[in-house]
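So that the names make sense, note that chain A is the first sequence line, chain B the second, and so on, each numbered from 1. Just so it is clear, the values below take in all heavy atoms, side chains as well, and ignore hydrogens, waters and symmetry mates.
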Amino acid sequence: MAESKKIIMVGIPGVGKTTLLSKIVEYVKGHQKSISVISVGTLMFELAKENGLKDRDDLRKLPISKQQELQKIAAKKIASHTEDVVIIDTHAFISSPEGYYPGLPEYVLKIIKPSNFISVSAKPEEIYSRRMTDATRNRDKNTLANVKKELDIQSGMISACAVLTGSPLKMVLNREGKVDEAAEKIIQSLGL
Amino acid sequence: MAESKKIIMVGIPGVGKTTLLSKIVEYVKGHQKSISVISVGTLMFELAKENGLKDRDDLRKLPISKQQELQKIAAKKIASHTEDVVIIDTHAFISSPEGYYPGLPEYVLKIIKPSNFISVSAKPEEIYSRRMTDATRNRDKNTLANVKKELDIQSGMISACAVLTGSPLKMVLNREGKVDEAAEKIIQSLGL
Amino acid sequence: MAESKKIIMVGIPGVGKTTLLSKIVEYVKGHQKSISVISVGTLMFELAKENGLKDRDDLRKLPISKQQELQKIAAKKIASHTEDVVIIDTHAFISSPEGYYPGLPEYVLKIIKPSNFISVSAKPEEIYSRRMTDATRNRDKNTLANVKKELDIQSGMISACAVLTGSPLKMVLNREGKVDEAAEKIIQSLGL
């Protein structure tokens with residue numbers, strides 16, 4: 001029995017991860033392989049609702065120990081998936097009032113045991129302007145300096161994740177108008 | 001009983017951490033909360049003196065195993081504090097002839113279990129000129145390239161610390177003449 | 001009995017690590033100390049041959065669990081060396097189709113217990129042109145942007161290694177025509 005590949009894919013808001021993901025799913029489905037994409041944010045919120053929460057923002061207000069417990073339950077759910085390809089759609093960190101919350105702390109990585117990391121980036125200027133045209137975002141905090149800092153921290157945190165697990169890290173630059181190129185690089189790197 | 005918040009604050013020499021710290025302490029004291037600030041360097045030296053050392057520089061000359069033992073004793077002392085807010089004043093690394101010594105190795109983090117990381121930086125040019133006017137420093141090794149490298153390593157090491165613990169990382173730029181602004185950002189991020 | 005110093009030395013292809021290494025070995029041998037230099041790549045391939053592999057490239061095609069087993073056997077061999085100075089010639093990561101494979105994952109570091117890290121870098125332009133004139137390399141993938149990205153990831157991964165072990169990290173810039181200067185910095189940092 002072939003092992004299930006657990007692929008962790010991260011990218012700060014505005015790099016174009018969602019479009020990339022749909023390209024990859026489309027490709028894998030056309031090649032007789034089973035695939036599932038798990039959004040960690042959505043999974044965490046579903047678990048929180050089972051625990052009585054109503055609003056997504058209330059997650060962060062739980063005691064740290066409770067949040068970590070939910071993170072571990074989510075990680076166990078992810079680890080139990082058996083599809084040929086399991087893509088874990090998440091973030092190296094989540095921006096919050098407390099700062100950058102690691103999306104992949106060690107205790108989560110030890111449960112998921114990812115086989116690959118994909119870190120998506122884009123030119124800071126492109127990220128900046130995508131965020132500027134997105135009405136759902138807080139545009140006040142959108143500065144080019146912030147975008148660059150976030151790309152740096154993403155790179156530092158995901159490097160630490162690779163060292164902790166020993167799994168390879170593919171860094172993909174998603175260039176404006178070249179999403180097919182970026183998707184192809186990811187597909188090749190995964191040997192799909 | 002509310003938990004004691006353990007806040008690790010790092011910054012390379014010249015970022016202006018000491019001034020920032022005194023602003024934060026002043027604020028917290030004005031808000032009916034207990035606070036203690038622990039300088040890890042001073043604590044380590046006190047422990048070393050109890051072990052017969054006379055000069056601060058002799059610390060580094062102890063066998064590595066002895067140094068690590070002292071680091072763990074210091075970490076346990078820090079972990080035992082019960083004030084509402086415990087600020088751990090330390091460095092992501094200490095520059096030494098052997099290179100950058102991690103100030104927060106994994107075995108220390110696992111004991112302290114910090115709730116937050118604050119990483120203070122400043123413009124490289126400002127750090128450079130503050131170091132140049134500080135008579136107590138070795139000005140020979142002060143180059144702009146070195147300052148930039150140190151900021152990079154601080155960012156890489158503290159990102160690894162966040163991944164190891166799962167605790168949020170607030171990065172604060174301490175701009176010349178804007179120390180109140182930087183202090184306010186930290187106070188907000190800590191929910192104080 | 002003096003402890004055996006285990007020194008991990010990394011550098012991306014083109015930084016000039018091999019020349020640096022021979023300078024250091026020459027120096028140490030002239031100072032009545034025993035030294036061994038272990039190339040992790042060569043050691044891994046020898047172990048793989050004992051396990052029936054014929055081609056170096058087949059290493060990567062083994063199941064991940066088998067590769068990690070070989071990595072751990074290699075790490076144990078390295079840890080068992082007792083020379084005064086043991087230099088472990090390796091990489092923070094190896095570029096592969098799957099991305100950047102960490103050369104020093106946590107489970108390897110915990111076995112080797114390195115006393116020092118040396119991270120060699122060079123100006124991106126110099127690395128780029130050295131790679132361009134090296135006929136054995138894939139020059140198609142040699143771009144200045146790639147070289148800069150690799151230097152960034154090397155720095156991020158090796159910073160994580162330092163945090164995991166608590167061992168000091170010396171970063172050395174190997175400047176064109178100044179290899180003796182770089183070698184001297186390393187020798188001083190190791191107290192040899």
Q: Which residues pass the side chain to side chain contact (heavy atoms under 4.5 Å, CB included) test with B:A79, sequence neighbours left out?
A: B:I111
Q: Do the non-hydrogen side-chain atoms of B:M157 and B:V10 ever get within less than 4.5 Å of each other?
A: no
Q: Below 4.5 Å from any heavy atom of chain B, which atoms of A:L164 appear? Answer side chain, backbone, both or neither.
A: side chain
Q: What residue, out of B:L173, B:I186, B:V163, has the most heavy-atom pairs lying under 4.5 Å from chain A?
A: B:V163
Q: Let me confirm one number: the CG-CD1 distance from B:L20 to B:I87, rounded to the nearest 0.5 Å.
A: 10.0 Å
Q: Go through it in stages, so that I can follow the logic: the residues are A:I8 and A:L109, the test is side chain to side chain contact (heavy atoms under 4.5 Å, CB included), and I'd like the CA-CA distance, side-chain angles, deciding distance and then a yes or no.
A: CA-CA 10 Å; A:I8 288 183; A:L109 292 170; 4.1 Å; yes
Q: Do A:I158 and A:L104 come within less than 4.5 Å of each other through their side chains, counting heavy atoms only?
A: yes
Q: Could you give the distance from CG (A:L47) to CG (A:L70), rounded to the nearest 0.5 Å?
A: 6.0 Å
Q: Let me see the working for B:L62 and B:L53 under side chain to side chain contact (heavy atoms under 4.5 Å, CB included), right down to the final yes or no.
A: CA-CA 10 Å; B:L62 291 171; B:L53 259 74; 3.9 Å; yes
Q: Are there any donor-acceptor pairs closer than 3.5 angstrom between chain B and chain A, and if so, which ones?
A:
unit_1, atom_1, unit_2, atom_2, d
B:K110, NZ, A:E106, OE1, 2.7
B:V163, O, A:E106, N, 2.8
B:L169, N, A:Y100, O, 3.0
B:L169, O, A:Y100, N, 2.7

